[in-house]
Amino acid sequence: MNRITKPKPAAARKKNPVNSVNLVFQTRPLVPALLHWFAQNARNLPWRRTRDPYAIWVSEIMLQQTQVKTVIPYWERWLRELPDIAALAAAPPEKIHKLWEGLGYYTRVRNMQKAAQQIVADHAGQFPRDFDAILALPGVGRYTAGAICSIAFNQPTPILDGNVIRVLTRVFGIASDPREKQTNAHLWQLAEELVVIAARRPCASRLTPRASHFNQSMMELGALICTPRNPQCEICPVKKLCVAHRENRIAELP
Ligand code: SF4
């Protein structure tokens, strides 16, 4: 399915909280700067060594409410005990509960087993590649579906979580509330435009999954450099493009 948003009519664009001058001058250099930075600085996390959508899905669900360092041993044990969709679909609930114990928010793990059973029933046990089919799984929202499609299948699907919101609002100088409906919609649109540019970009290595790496680079920048407090602007790869840095507005954005 083609999920590229059609361009909005001119009347709709007028209300866009993203300054169109910023957009034109920032989007294109932003993409290579982040891709380059990610290639040099990405953390060596275990779920980054696989393209298995099941393993990536498990990591995304675990990471929703839990820190990376806590998730690593849980994820490794889960993949040893329940290595694929079929194993999760057929596992006794007590075993799943035991593997999840300590992570909290148990609705997540119950939804994961329902989703695995749905994949067995509707997709012959193969993790679906289609965005809408992934979004239809229990416990999967727009962010998680976009993360799986881009990271596992290198599709240009946008992601927008707290880290990405922080990076985008600061870089583009978006002052309106990201929880407000219109601003949130424009942030999704901006995230989509950027990942599409990344996917289309020529690259020295054809093996580089650019949509995947671009989405992960924004999350990584938000996690490591563009942190909520005391962001490390001096070593930030996009500081020359960043409105918040240039105008000294970091404390107020987002
Ligand atoms: S320059 Fe600073 S505020 Fe701007 S994106 Fe980089 S770390 Fe964030």
Side-chain angles (χ1 to χ4, degrees), residues 5 16-45 48 60 63-69 71 142-143 146-147 150-151 156-180 182-201 203 208-254:
T5 311
N16 191 330
V18 182
N19 182 312
S20 60
V21 175
N22 289 344
L23 195 63
V24 170
F25 285 103
Q26 287 171 286
T27 47
R28 293 197 175 270
L30 184 70
V31 169
L34 281 175
L35 283 172
H36 180 74
W37 176 80
F38 186 73
Q40 309 286 326
N41 295 281
R43 286 171 292 178
N44 184 15
L45 302 175
R48 287 191 175 149
E60 287 297 333
L63 287 164
Q64 277 175 9
Q65 310 281 350
T66 314
Q67 290 188 338
V68 166
K69 67 176 189 301
V71 164
R142 187 176 178 183
Y143 165 81
S150 60
I151 298 170
T157 48
I159 54 160
L160 193 70
D161 67 353
N163 284 329
V164 177
I165 286 172
R166 191 163 56 254
V167 169
L168 291 180
T169 51
R170 285 176 175 171
V171 170
F172 291 92
I174 299 169
S176 45
D177 186 347
R179 290 166 298 191
E180 189 267 321
Q182 191 180 34
T183 305
N184 193 265
H186 282 299
L187 286 166
W188 274 106
Q189 185 189 336
L190 184 55
E192 181 158 359
E193 287 172 8
L194 289 166
V195 75
V196 168
I197 290 171
R200 289 179 181 157
R201 186 183 152 72
C203 189
T208 303
R210 295 182 298 275
S212 165
H213 281 197
F214 178 75
N215 276 351
Q216 291 186 79
S217 75
M218 285 204 296
M219 291 192 279
E220 195 78 336
L221 192 78
L224 300 182
I225 304 287
C226 193
T227 46
R229 291 183 187 188
N230 305 318
Q232 300 179 67
C233 300
E234 289 317 308
I235 59 165
C236 177
V238 298
K239 70 177 177 186
K240 288 184 180 159
L241 304 167
C242 180
V243 171
H245 178 60
R246 190 169 60 235
E247 297 178 358
N248 200 18
R249 292 167 58 204
I250 292 161
E252 71 187 70
L253 297 174

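Atoms within a ligand are numbered from 1 in the order they appear, just like the ligands themselves.
Each side-chain hydrogen bond (donor to acceptor under 3.5 Å, both in side chains) pair with one or both residues in residues 213-222, not counting sequence neighbours, appears once here: R43-E220, R48-Q216, R48-E220, S150-N215, S212-Q216.
Counting only heavy atoms from C-beta outward, the side chains of L224 and N41 never approach each other to under 4.5 Å. Taking 4.5 Å as the limit, every side-chain heavy atom of V71 sits out of range of all side-chain heavy atoms of V68.
Distances from atom 5 (S) of ligand 1 to the heavy atoms of V171, L30, L34 put V171 nearest.
For atom 2 (Fe) of ligand 1, the neighbouring protein N/O/S atoms at less than 2.8 Å, given as residue and atom, are C233 SG.
For N163, the side chain to side chain donor-acceptor pair (under 3.5 Å) criterion is met by R166, not counting sequence neighbours. Remark: E180 pairs with T183 by the side chain to side chain donor-acceptor pair (under 3.5 Å) rule, at least two apart or across chains.
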Do Y143 and Q64 pass the side chain to side chain donor-acceptor pair (under 3.5 Å) test, and can you show the C-alpha distance, the side-chain angles, and the key distance before you say yes or no? CA-CA 10 Å; Y143 165 81; Q64 277 175 9; over 6 Å; no
